Protein chains: 2
Amino acid sequence: MPKKATSEENGRLSGTQSIERALLLMREIAAHNRTGSRLLDLASRTGLQRPTVHRMLKCLTVQDMVLQDADTHRYFLGPMVFELGLTAAPRFNLREICHPAMTRIAEATGDTVFLTQRSGLDSVCVDRQEGTFPIKTFTLEIGMRRPLGVGTGSLAILSGLSEEEVKHVIVSNTPRLSEYGLTPTSLQAQVKRAQKLGYAVREMPTLAGVRSVGQALHNQSGIAFAALSVSAISSRMSEKRVAELAALLKNETRFVEKQLANGDRR
Amino acid sequence: MPKKATSEENGRLSGTQSIERALLLMREIAAHNRTGSRLLDLASRTGLQRPTVHRMLKCLTVQDMVLQDADTHRYFLGPMVFELGLTAAPRFNLREICHPAMTRIAEATGDTVFLTQRSGLDSVCVDRQEGTFPIKTFTLEIGMRRPLGVGTGSLAILSGLSEEEVKHVIVSNTPRLSEYGLTPTSLQAQVKRAQKLGYAVREMPTLAGVRSVGQALHNQSGIAFAALSVSAISSRMSEKRVAELAALLKNETRFVEKQLANGDRR
DNA sequence: GCTGCTGGTCCATATTACGGACGGTGTGAC
DNA sequence: GTCACACCGTCCGTAATATGGACCAGCAGC
């Protein structure tokens with residue numbers, strides 16, 4: 001019996017199937033916003049039927065949430081997404097709070113600095129500051145979303161969660177990890193190591209010759225929700241320098257955490 | 001016969017009723033994101049039933065598109081909106097392109113500079129740069145959305161559209177204009193005046209004692225899609241200075257238009 | 001404790017969204 | 001030229017889904 005794809009997968013009737021599907025589409029489009037997505041790809045990646053996807057995209061296009069390139073027929077996030085984002089931004093001003101710290105780090109190190117933020121089971125790159133060193137390592141685009149633990153800032157966040165939450169996240173993300181050259185056990189080991197060190201370091205598994213250091217930002221209850229990290233080519237990342245960078249990052253994260261404690265949100 | 005509120009208002013069956021409604025809700029929440037919105041207000045403002053609104057908000061909350069304050073029960077735009085906005089931003093980089101021009105203007109004039117962008121029948125404030133003059137006139141929040149023609153940058157955009165489009169916009173927005181102290185005929189007259197002058201000027205109808213000048217940005221086909229504007233208290237806005245500011249703005253908009261023509265999108 | 005106002009939930013109903021099947025368009029092979 | 005293929009887009013009968021009237025629950029002010 002090939003499983004009737006009806007009602008609800010877990011048994012509850014939510015009454016919002018189409019909204020859930022539309023948002024699933026939006027996230028899928030966002031995940032490939034650089035190249036854009038074709039109708040068929042969206043259908044297969046989301047597991048929805050072509051006509052359904054098409055009908056929804058037509059609606060989203062009319063509403064300016066999605067933009068279709070007239071020539072290639074590819075779909076991108078639309079202007080309304082950007083505009084709603086502008087309106088939402090003031091409530092999520094971590095970026096502005098961290099901005100001075102990030103420029104300080106970029107100036108001090110010459111390398112590229114990233115601000116990463118937790119979003120459910122994922123982490124999202126929220127900001128990036130280039131350093132002055134001529135060989136740049138842009139491992140992350142702003143807006144990029146990846147499973148928690150992939151990427152060094154992301155690993156720092158994961159390592160700053162409670163024991164059971166770490167387990168929960170890794171288990172939930174298991175099917176997606178292999179895409180990034182990770183397994184649940186290898187990731188669990190890396191979390192352990194980061195917890196021992198007090199910061200996250202690693203060679204990028206996806207990009208040889210680049211090494212990063214990450215330090216988590218914690219909220220008042222002491223659990224991690226974001227991270228600052230620095231990336232550079234491995235030749236600039238001796239053991240000694242890594243330790244120095246970790247200390248520098250720790251200083252800055254402490255400073256930001258203090259600011260957040262004083263009235264600011266999050 | 002009290003009109004059965006069913007099917008479709010114009011006769012076409014779109015097949016996406018709930019997505020349209022969900023997005024209507026999102027826009028309504030965005031329009032009041034500073035104070036947040038209560039369930040009943042959203043229901044009455046959108047014309048939807050309370051249970052429908054509630055069900056949708058529950059779904060949107062789970063998906064992080066909407067955030068509900070635990071104490072007040074008020075609804076706000078959620079973190080996912082911000083994150084999707086980050087991903088969409090690179091395609092809509094007018095803001096970055098205009099940034100240098102805006103700081104130049106702010107430094108030269110000492111007053112506050114606004115970047116406004118068209119979005120359908122509305123205009124959205126996309127960026128703001130404060131000047132050094134101690135009395136600030138923050139007439140627009142970033143992300144603020146208003147009918148085209150309300151606000152000086154917005155008026156400059158409207159005045160740069162084709163004759164029939166101006167008419168179409170004003171007619172479509174008629175019911176919303178009174179809220180801002182305007183009528184279709186008064187707005188039409190202001191458009192005429194701005195077209196004659198080559199720029200938009202006016203006292204803020206909603207805020208006495210503040211005067212602004214706006215100059216539109218045009219795409220390659222010569223139609224307006226955005227505007228730069230400057231606001232200050234009226235005492236700093238003599239006829240002579242208004243003309244000077246208009247010339248300054250014209251220089252900068254020309255410059256930005258040239259950049260846009262060279263390869264950059266939009 | 002009663003009244004008014006709000007947020008939140010239930011569930012029978014019929015409206016809405018689904019998706020199999022088909023038409024249309026553009027491209028590359030020969 | 002036309003055949004084949006891959007993809008985008010649309011139609012429409014069907015049943016699953018979203019709807020909204022009715023109801024419950026919490027809270028503030030008389």
Side-chain angles (χ1 to χ4, degrees), chain A residues 1-26 28-29 32 35-63 65-76, chain B residues 2-26 28-29 32 35-63 65-76 78:
Chain A
M1 213 171 283
K3 189 206 180 198
K4 208 162 147 211
T6 177
S7 248
E8 247 310 283
E9 52 269 342
N10 55 20
R12 291 211 62 72
L13 233 310
S14 49
T16 51
Q17 189 195 59
S18 56
I19 298 178
E20 279 163 30
R21 288 177 169 189
L23 290 177
L24 177 61
L25 270 180
M26 295 292 299
E28 205 52 57
I29 293 171
H32 300 75
T35 59
S37 304
R38 299 183 317 161
L39 180 62
L40 275 174
D41 296 340
L42 286 174
S44 69
R45 286 206 299 263
T46 56
L48 302 174
Q49 298 300 117
R50 271 209 312 295
T52 302
V53 173
H54 184 266
R55 178 164 32 80
M56 287 180 169
L57 287 175
K58 200 165 62 173
C59 169
L60 292 171
T61 303
V62 168
Q63 306 269 339
M65 294 295 285
V66 160
L67 196 63
Q68 182 174 28
D69 185 296
D71 300 331
T72 64
H73 289 195
R74 277 169 179 268
Y75 293 96
F76 299 88
Chain B
K3 190 205 179 197
K4 207 165 147 210
T6 176
S7 248
E8 247 310 283
E9 48 280 333
N10 54 22
R12 289 212 64 72
L13 233 311
S14 50
T16 50
Q17 189 195 59
S18 57
I19 298 178
E20 278 162 29
R21 289 178 167 187
L23 290 176
L24 176 61
L25 270 179
M26 295 292 298
E28 205 52 56
I29 293 172
H32 299 76
T35 58
S37 305
R38 298 183 319 161
L39 179 63
L40 273 174
D41 296 340
L42 287 173
S44 69
R45 286 207 299 264
T46 57
L48 302 173
Q49 298 298 118
R50 272 208 314 293
T52 302
V53 173
H54 184 266
R55 178 165 32 79
M56 287 180 169
L57 287 174
K58 200 164 62 172
C59 169
L60 292 171
T61 302
V62 169
Q63 306 268 340
M65 295 293 286
V66 159
L67 195 63
Q68 183 173 28
D69 185 296
D71 299 332
T72 64
H73 291 196
R74 278 169 179 266
Y75 293 94
F76 299 87

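It should be emphasised that the depicted structure is a prediction, and the values quoted were computed from it without experimental measurement.
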Exercise for review: For B:Arg55, answer base if it contacts any base atom (sugar-phosphate contacts may also be present), sugar-phosphate if it contacts only those atoms, and nothing otherwise; contact means non-hydrogen atoms under 4.0 Å.
Suggested key: base
Practice item. May I ask you to say what B:His54 touches in the nucleic acid, namely base, sugar-phosphate or nothing, with a heavy-atom cut-off under 4.0 Å? Key: base
Exercise for review: Report the residue (A:Ile19 or A:Leu39) whose heavy-atom-nearest nucleotide on DNA chain D is the more 5′ of the two.
Suggested key: A:Leu39
Practice item. Apply side chain to side chain contact (heavy atoms under 4.5 Å, CB included) to A:Arg50 and A:His54, showing your working. Key: CA-CA 6 Å; A:Arg50 271 209 312 295; A:His54 184 266; over 6 Å; no
Practice item. Name the closest nucleotide to the B:Lys58 side chain, picking from C:dG8, C:dT9, C:dG20. Key: C:dT9
Check your understanding: Which nucleotide in the set C:dG19, C:dC10, C:dG8 lies at the smallest distance from any side-chain heavy atom of B:Tyr75?
Key -> C:dG8
Check your understanding: Have A:Thr72 and A:Arg38 got a donor and an acceptor in their side chains that come within less than 3.5 Å?
Key -> no
Check your understanding: Donor-acceptor pair, B:Thr46 side chain versus B:Leu42 backbone, under 3.5 Å?
Key -> yes
**Study point:** Global bending angle along the helix from C:dG1-D:dC30 to C:dC30-D:dG1, which compares the axes of five pairs at either end, to 10 degrees
**Key:** 40°
Practice item. Output yes when at least one side-chain N/O atom of A:Ser18 is less than 4.0 Å from OP1 or OP2 of C:dC18, else no. Key: no
**Study point:** Selection from D:dT19, D:dG9, C:dA17 that lies nearest to any side-chain heavy atom of A:Gln17
**Key:** C:dA17
Point to revise | Min side-chain heavy-atom separation A:Leu60-B:Leu23 under 4.5 Å | key: yes
Exercise for review: Verify, without hydrogens or angle tests, whether A:His32 (side chain) and A:Glu28 (backbone) share a donor-acceptor contact under 3.5 angstrom.
Suggested key: yes
Check your understanding: Picking from C:dG8, D:dG9, C:dT6, which would you name as closest to the side chain of B:Arg38?
Key -> C:dT6
Exercise for review: Please answer whether the main-chain N or O of B:Arg74 pairs with a side-chain N or O of B:Gln68 as donor and acceptor at a distance below 3.5 Å.
Suggested key: no
